**Student:** 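Quick one: this structure, given as structure tokens, is what I'll be asking you about.
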There are 2 protein chains.
Amino acid sequence: MPPGRPPRLSLDAIITAADRILEAEGPDKLSMRRLAGELNSAPMALYHHVRDKDQLLLLILEKHAEQIPHPDLPEDPQERLTAVALLLYELLAERAWIVEVLAAGDLFAPSALWFVESMIGAAVDHGCTTEQAVEVYRAIWHYILGNLIIRVISARRRSRTDTPVYGNEAIAQMSIGTYPHIASIADRWDELSDRDSHRHALTAIVNGLLDSYGPNTQPRRHRVGRR
Amino acid sequence: MPPGRPPRLSLDAIITAADRILEAEGPDKLSMRRLAGELNSAPMALYHHVRDKDQLLLLILEKHAEQIPHPDLPEDPQERLTAVALLLYELLAERAWIVEVLAAGDLFAPSALWFVESMIGAAVDHGCTTEQAVEVYRAIWHYILGNLIIRVISARRRSRTDTPVYGNEAIAQMSIGTYPHIASIADRWDELSDRDSHRHALTAIVNGLLDSYGPNTQPRRHRVGRR
DNA sequence: TACAGTTACCGTACGCGTACGAAAATGTCG
DNA sequence: CGACATTTTCGTACGCGTACGGTAACTGTA
């Protein structure tokens, strides 16, 4: 029996309670004070088990990641990389709350390392050096993160207030004459933005990255001609 | 002379003061209370001129954007798109504080619309339809944003505490055996992450996107084979 | 029993963004 | 001179994350 005051809280209980609030009432309702209340404890007591709120969210993500089965993947490296990236995207998109933490680092919960490994592995199988594969992985990750952040944040803003996003009027006004392309689609901007084109874009990005580091290919700083 | 209490504050003065704090002491020091103090005013007085802090930051960005000259660009659409994207990236990377607002929407200050227009225009010149060009632009923007966010946030974390990022120990432990590729570069992870490979990645992404929507090309949902 | 060591908890306090409504300072009108 | 409408400023208050230092509850040892 270890010495010291016996714990009343436990990391597991904290994570479970936090996850429950998250699922039931959304990320806005999850605060350290609220969580402590739920656990009949003081807010600062949580900080003995958790460094900060970000780490708590990360731990919740880890818990989720553990339960995600690893699917069978295509043989072809290029297809495989695309498939994993898409899978990762969709899993994260279902959990809007993580976006706030994801930015903190480029790797996530330990259990989610599988995704990193798969993506780097696919790039290596395709012919990349390990260093190149890491760069490919990071580029894809940056794209996914940027996409998620914009999607989540603007969705959240829409749900809070009914005023449209910041500068839509700016588009309409500024662009006439000066910015012909923008003007020509200004009225359909939101529609075009909402369309989930991420499948196509992700595929194209993967192709572009792998092509640039392809087998029998020296890294090219700029590829000017087409094909 | 309009009726009503004469203003003591002005939007311009607010923006200027905020920008000064930002340049001089960094984003951490810019708070609404501090800013109000600087202007010999009460915090809530600012909110008559500005919707919220995010909008204030956006206005500062707008002020910066006005002063950025529009450079000459390459003729070739593909090169041009890459050049604009790189330029945009570098301009934003110099202003780490904006990252926090950028997420709020996919377009930024009105003056920055020039970038959007240039990128969409280049894609159109390359042979994209307008709709496709918007998708290309957004994909590139997502990548840039994701890259910036990770770069800025992790840099900020490093500067605050000297403890390394979250799960580096997790990499080292978890990955041995299970995740061979990660294990093989675990010790060099930070080094590889820091390397600014964004030029190459951005070029490759642009190429991939334009190829996928290229001239004489039907939009392909998945391109499986190579070349 | 007394005391030290160790672990877990918590009370207080700070600065943050900002919602809300009252108050101040001007114009105009009767 | 009021009375009023209009515009701007501001005092108060809420909930947030969390730094800091104290206290409580247990173990072992003297």
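Chain identifiers are assigned alphabetically (A, B, ...) following the order of the sequence lines, protein sequences preceding nucleic acid strands; residue numbering begins at 1 within each chain. Everything quoted here is computed from the prediction, not taken from an experiment.
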**Student:** More 5' along DNA chain C: B/M44 or B/P6, using each one's nearest nucleotide?
**Tutor:**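 It is B/M44, whose closest nucleotide lies nearer the 5' terminus.
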**Student:** Within this structure, what is the CG-to-P distance between B/D52 and D/dC16, rounded to whole angstrom?
**Tutor:** 19 Å
**Student:** Just the rounded figure in Å: distance from C1' of C/dG17 to CZ of B/R51.
**Tutor:**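 Roughly 15 Å, once rounded to whole Å.
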**Student:** Heavy atoms only: give me the nearest B/L73-B/A83 pair and the separation to one decimal.
**Tutor:** CD2-CB, 4.4 Å
**Student:** Nearest-Å distance, CZ (B/R34) to C1' (C/dG15)?
**Tutor:**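 Taking atom C1' of C/dG15 as the reference, CZ of B/R34 is at 13 Å.
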**Student:** Write down the distance between NE2 (B/H49) and P (C/dG17), rounded to a whole number of angstrom.
**Tutor:** 17 Å
**Student:** Nearest of C/dT18, D/dC16, D/dT9 to any side-chain atom of A/R33?
**Tutor:**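 The answer is D/dC16, which lies nearest to the side chain.
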**Student:** Less than 4.5 Å apart, side chain to side chain, heavy atoms only: is that true for B/L57 and B/I98?
**Tutor:**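 No, their side chains stay 4.5 Å or more apart.
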**Student:** Could you please name the option among D/dC16, C/dA8, D/dC10 that lies closest to any side-chain atom of A/P7?
**Tutor:**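 So the side chain of A/P7 is nearest to C/dA8.
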**Student:** Could you report the tightest heavy-atom contact between B/Y143 and A/A139, atom names first, then the distance?
**Tutor:**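 Heavy atoms of B/Y143 and A/A139 come nearest at CD1-O, 3.5 Å.
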**Student:** Quick one: B/L39 CG to D/dC10 C1', roughly how many Å, whole number?
**Tutor:** 14 Å
**Student:** Where is the tightest heavy-atom contact between A/H200 and B/S212, given as atom of each residue plus distance?
**Tutor:**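 For A/H200 versus B/S212, the nearest heavy atoms are NE2-OG, 2.9 Å.
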**Student:** Out of C/dC16, D/dT18, C/dG5, which has the shortest distance to the side chain of B/S31?
**Tutor:** C/dC16
**Student:** Are any of A/S41's side-chain N or O atoms less than 4.0 Å away from OP1 or OP2 of C/dC10?
**Tutor:** yes
**Student:** Respond yes when some side-chain nitrogen or oxygen of A/H48 is under 4.0 Å from OP1 or OP2 of C/dC9, and no when none is.
**Tutor:**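 False: A/H48 side-chain N/O out of range (4.0 Å or more) of C/dC9 OP1/OP2.
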**Student:** To the nearest Å, how far apart are A/Y47 OH and C/dG11 C1'?
**Tutor:**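 Roughly 15 Å, once rounded to whole Å.
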**Student:** Let me spell it out: for each of B/M32 and B/R5, pick the nucleotide of DNA chain C with the closest heavy atom. Which residue's pick is nearer the 5' end?
**Tutor:** B/M32
**Student:** Can a side chain N or O of B/R8 be found less than 4.0 Å away from OP1 or OP2 on D/dC10?
**Tutor:**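 Yes, B/R8 has a side-chain N/O under 4.0 Å of OP1/OP2 on D/dC10.
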**Student:** Under 4.5 Å between any side-chain heavy atoms of B/W97 and B/V152, yes or no?
**Tutor:**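 With C-beta onward as the side chain, the pair stays apart.
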**Student:** Choosing from D/dG17, C/dC16, D/dT6, which nucleotide comes nearest the side chain of B/P3?
**Tutor:** D/dT6
